[in-house]
Amino acid sequence: MCGFIGMIRNKPSMPDESVVHVFEQQNNLITHRGPDDEGYFHDEYVSFGFRRLSIIDIDSGQQPLSYDDEKIWLVFNGEIYNYVELRQDLLQEGYTFATESDTEVIAALFVKHKEQAFQYLRGMFSILVWDKENETLYGARDPFGIKPLFYKETEEGAIFASEKKSITVMEETQKVDSESLQHYLSFQFVPEPYTMTTGIKKMEPGHYFVKKPGQPIAFTQYWQATFNPVLMDKQNWITRIQDVMYDSVKVHMRSDVPVGSFLSGGIDSTIIVAMAREFNPNIKTFSVGFEREGFSEVDVAKETAEKLNVENISYTISPEEYVEKLPKIMWHMDDPLADPACVPLYFVAREARKHVTVVLSGEGSDELFGGYNIYREPESLKLFQSIPKPAKDLLARVADVLPEGVRGKSFLERGTTPLRERYIGNAKMFEDVEKRQLLQTYHDHLTYQQITGKLFDNVANDPLVNQMQYIDIHTWMRGDILLKADRTTMANSLELRVPFLDKEVFRVASEIPVNLKIANGTTKSILREASRGIIPDHVLDRKKLGFPVPIRHWLKKELNGWAKQLIHESQTDHLLHKDYVLNLLDAHCQGKGDYSRKIWTVLMFMLWHQIFVENKFDTNELSKPDLAGQPVAVR
């Protein structure tokens, strides 16, 4: 596990001492991703910088790594879980190895297959490979987007990095991309491949690129999520799910350093822990919660840990501590993220790092097995399918004139509007009519269908639930779930592994019919049945909570003053109508509606703007490991 930075020049030129010094500064900005080691490589076209977090003790494959008489140079962030098997196959074909590392296996695999090598990898990764002999740079990102890869093309060449800050640090200020801001207000994150910074993009998951000096980057998709339902006896499905999950958990536990696991009150993390303890009975688990009643799963997690006979370590977060760490967390995020759950995830990662170097977590289960409550919507809206179009149009007009908050309005709107015209993922923040009032400059052509339209085209003939899953896998999961998981753990130099997001697990999940996912009045029904007898019954029957955060209450009391101060002090008047936000906050406090998530979305953008555009915070303090728990210094 590590972080890296890479650069390719369009014209041959060995970097001088000053360029090398700046390059090392850019690499050191991500020391938190790899505090154990660093390395560099420079030739007339390419520069690589690398930070390493040691996971496998026998891993002597320091990076940048060379292979095939230095014809190949490589930097790699992630873990390859089938590298042992790939290495054995390559040895039988005559390939030789100087190390036991998965990095060298990637290099040998590349020599054999070139860019087709990436589709053989089972794991999480972002990779840069310099083919020195052919003067060509290759790169790839894992199928699900677990590991990040940013890039920027310039006249001089292109630069790549594990975190955006390694690229933007060389610019005096970041220019806010207005299109990305408008999309952010819809999604609560910036959808890939965009970032909030003009000129910088994210490489999309499941793609590789080829870049030759003097030529633009050329991207190719090597993996795509597809659903292919298969009719099979329910017991066979249960067996398949159990087998593939046990296998995935086993290979995700390959490590020479302590491996722990996050544990909430939900089914996903409990499945991981229950299976992991069969391979390591002494596994430690970690949980987090809040002081406010109803917003903590610590008690349930402790009960689960007791029944599984594993140790549980928990941490309780106060409102003051929550807001105190927000600037540091937002600095690590690189782009604004309005999911309040990123903060408790940061705290549980910080607690886990005191005891282990690697943690397992349950991300991806909901997207693969149909776990979100919204996936039950097609079933509840079935009656609209039998209503003639004229009547449906009439109902749509009725819904349009009903006041906000009136019972039944939302039901009529959803029932009379095609899925592709309204569904943008698990969470939708501001509607277009609201963004017109909030933004100083609103672009009529930038509807959220610009992001989701081509995705819906790919699954136009699939069942509606599968369509929703597909949208979430390509938006919500990469833009929110995996973003916060990667950044909050890496901020604490902790490696996170997600056994649900495994190619073999997806192969099984993609074949499950909808009627086995959404059944018995619940979600991911077949996964629950496959878990019975493995996890405690009290977890199976609980309502899904996720990481509940009491911002709805805090914005009325504990954090109200902080919120108003942030709005007034933020230098975003040229971008946003602040009166709209203040009025929304007042309406929320007066109980006219729950506008907390919309308010939070704006607040997190304003905080990001203070950090990266206004330079209000001391980034040297923000980047320091959070060991002493001291407040962040403000300039």
Side-chain angles (χ1 to χ4, degrees), residues 78-79 81 121-126 141-148 189 192 204-206 223-227 240-242 244-253 261-264 266-276 337 339 341-342 345 348-349 358-375 425-427 455 465-466 468-489 495-512 517 523-528 530-531 535 544-547:
E79 296 289 343
Y81 303 118
L121 303 178
R122 180 185 181 186
M124 54 181 181
F125 55 85
S126 57
R141 194 174 175 206
D142 68 70
F144 299 105
I146 305 169
K147 292 287 104 181
F189 55 85
E192 298 182 356
E204 294 195 72
W223 188 89
Q224 183 176 0
T226 56
F227 294 94
R240 284 190 70 190
I241 292 169
Q242 291 175 345
V244 78
M245 283 305 304
Y246 270 112
D247 176 66
S248 183
V249 170
K250 181 180 179 180
V251 298
H252 278 72
M253 293 184 73
S261 186
F262 291 155
L263 180 62
S264 67
I267 180 176
D268 305 331
S269 62
T270 307
I271 291 172
I272 301 299
V273 171
M275 293 182 172
L337 175 65
D339 187 345
C342 67
L345 194 54
V348 74
V358 177
V359 288
L360 307 178
S361 191
E363 280 81 1
S365 171
D366 291 319
E367 289 81 4
L368 268 61
F369 289 92
Y372 293 121
N373 288 325
I374 199 169
Y375 295 160
N426 191 49
L455 298 174
V465 172
N466 287 355
M468 298 167 87
Q469 288 179 262
Y470 187 85
I471 298 300
D472 281 331
I473 287 171
H474 289 81
T475 55
W476 169 259
M477 189 175 78
R478 354 170 135 166
D480 183 304
I481 300 296
L482 294 177
L483 171 68
K484 68 176 184 273
D486 175 78
R487 298 307 195 285
T488 55
T489 51
E495 176 177 310
L496 180 103
R497 297 182 180 179
V498 283
F500 280 110
L501 290 180
D502 176 84
K503 286 167 63 174
E504 298 305 317
V505 175
F506 181 82
R507 184 175 287 112
V508 172
S510 67
E511 296 179 351
I512 300 173
K517 290 183 283 192
T523 58
K524 53 189 174 193
S525 177
I526 192 65
L527 180 65
R528 295 175 189 273
S531 305
I535 69 175
K544 181 179 177 62
L545 288 178
F547 259 137

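Contact check for Phe227 versus Gln469: side-chain heavy atoms found under the 4.5 Å cut-off. Between Arg487 and Leu337, the closest side-chain pair of non-hydrogen atoms is not below 4.5 Å. When side chains are defined from C-beta on, Ile512 counts as touching Ile241, because their heavy atoms get closer than 4.5 Å. At a threshold of 4.5 Å between non-hydrogen side-chain atoms, the residues Lys524 and Ile267 count as touching. Between Trp476 and Glu367, the closest side-chain pair of non-hydrogen atoms falls below 4.5 Å. Counting heavy atoms from C-beta outward, Asn426 and Asp366 have side chains that stay 4.5 Å or more apart. Between Arg141 and Glu204 the shortest side-chain heavy-atom distance does not fall below 4.5 Å.
Here the CG atom belonging to Asp472 is positioned 11.0 Å from the CG atom belonging to Leu368, to the nearest 0.5 angstrom. A distance of 8.5 Å separates CG of Leu483 from CD of Glu192, quoted to the nearest 0.5 Å. Here the CE-CD1 distance, from Met275 to Ile535, works out to 9.0 Å after rounding to the nearest 0.5 Å. Leu501 CG to Leu482 CG: the interatomic distance, rounded to the nearest 0.5 Å, is 5.5 Å. Atom CZ in Phe369 sits 8.5 Å away from atom OG in Ser531 (nearest 0.5 Å).
Pro143 pairs by the side chain to side chain contact (heavy atoms under 4.5 Å, CB included) definition with Phe125, Tyr222, Trp223, Lys503, not counting sequence neighbours. In this structure, the side chain to side chain donor-acceptor pair (under 3.5 Å) partners of Ser269, at least two apart in sequence or on a different chain, are Ser264. Listed by chain and residue number, Val249, Met253, Ile283, Leu360 satisfy the side chain to side chain contact (heavy atoms under 4.5 Å, CB included) test with Ala276 (two or more places apart in sequence, or in another chain). Listed by chain and residue number, nothing satisfies the side chain to side chain donor-acceptor pair (under 3.5 Å) test with Gln242 (two or more places apart in sequence, or in another chain). For Asp142, there are no salt bridge (Lys or Arg N to Asp or Glu O under 4.0 Å) partners at least two apart in sequence or on another chain. The side chain to side chain donor-acceptor pair (under 3.5 Å) search around Tyr81 returns none, not counting sequence neighbours. Applying the side chain to side chain donor-acceptor pair (under 3.5 Å) rule to His252 yields the partners Ser248; only residues at least two apart in sequence or on another chain are considered. Residues passing the side chain to side chain contact (heavy atoms under 4.5 Å, CB included) test with Thr489 are Phe262, Ala349, Leu494, Leu496, sequence neighbours excluded. By the side chain to side chain contact (heavy atoms under 4.5 Å, CB included) test, Glu504 pairs with Arg122, Val244, Asp502, Arg507, sequence neighbours left out.
Contact record, Ser261 with Val273: OG-CG2, 3.4 Å, taken as the closest heavy-atom pair. Taking every heavy atom of both residues into account, Pro205 and Phe144 meet most closely at CB-C, 3.7 Å. Residue Ala225 comes nearest to Ile473 through the heavy atom pair CB-CG2, 4.5 Å, listed as atom of the first residue, atom of the second, then distance. Nearest approach of Ile272 to Phe500, heavy atoms of both residues: CD1-CE1, 3.7 Å.
Side-chain N or O atoms of Arg240 include none that pairs as donor or acceptor with a backbone N or O of Ala509 at under 3.5 Å. Looking at Ser126, its side chain does come within 3.5 Å of a backbone N or O of Pro148 through a donor-acceptor pair.
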Side chain to side chain contact (heavy atoms under 4.5 Å, CB included) evaluation trace for Val348 with Val359:
CA-CA 11 Å; Val348 74; Val359 288; over 6 Å; no
Before you tell me yes or no, could you show the steps for Leu527 and Lys517 under side chain to side chain contact (heavy atoms under 4.5 Å, CB included), namely the whole-Å CA-CA distance, both residues' side-chain angles and the distance that decides it to 0.1 Å?
CA-CA 8 Å; Leu527 180 65; Lys517 290 183 283 192; over 6 Å; no
Glu363/Ser361 under side-chain hydrogen bond (donor to acceptor under 3.5 Å, both in side chains): CA gap, chis, key distance, verdict
CA-CA 6 Å; Glu363 280 81 1; Ser361 191; 2.6 Å; yes
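Using cut-offs of 30° and 60° on the angle between ring planes, the pair Tyr470 and His474 is tilted.
For the side chain to side chain donor-acceptor pair (under 3.5 Å) criterion with Lys484, the lone passing option out of Asp486, Asp480, Thr488 is Asp480.
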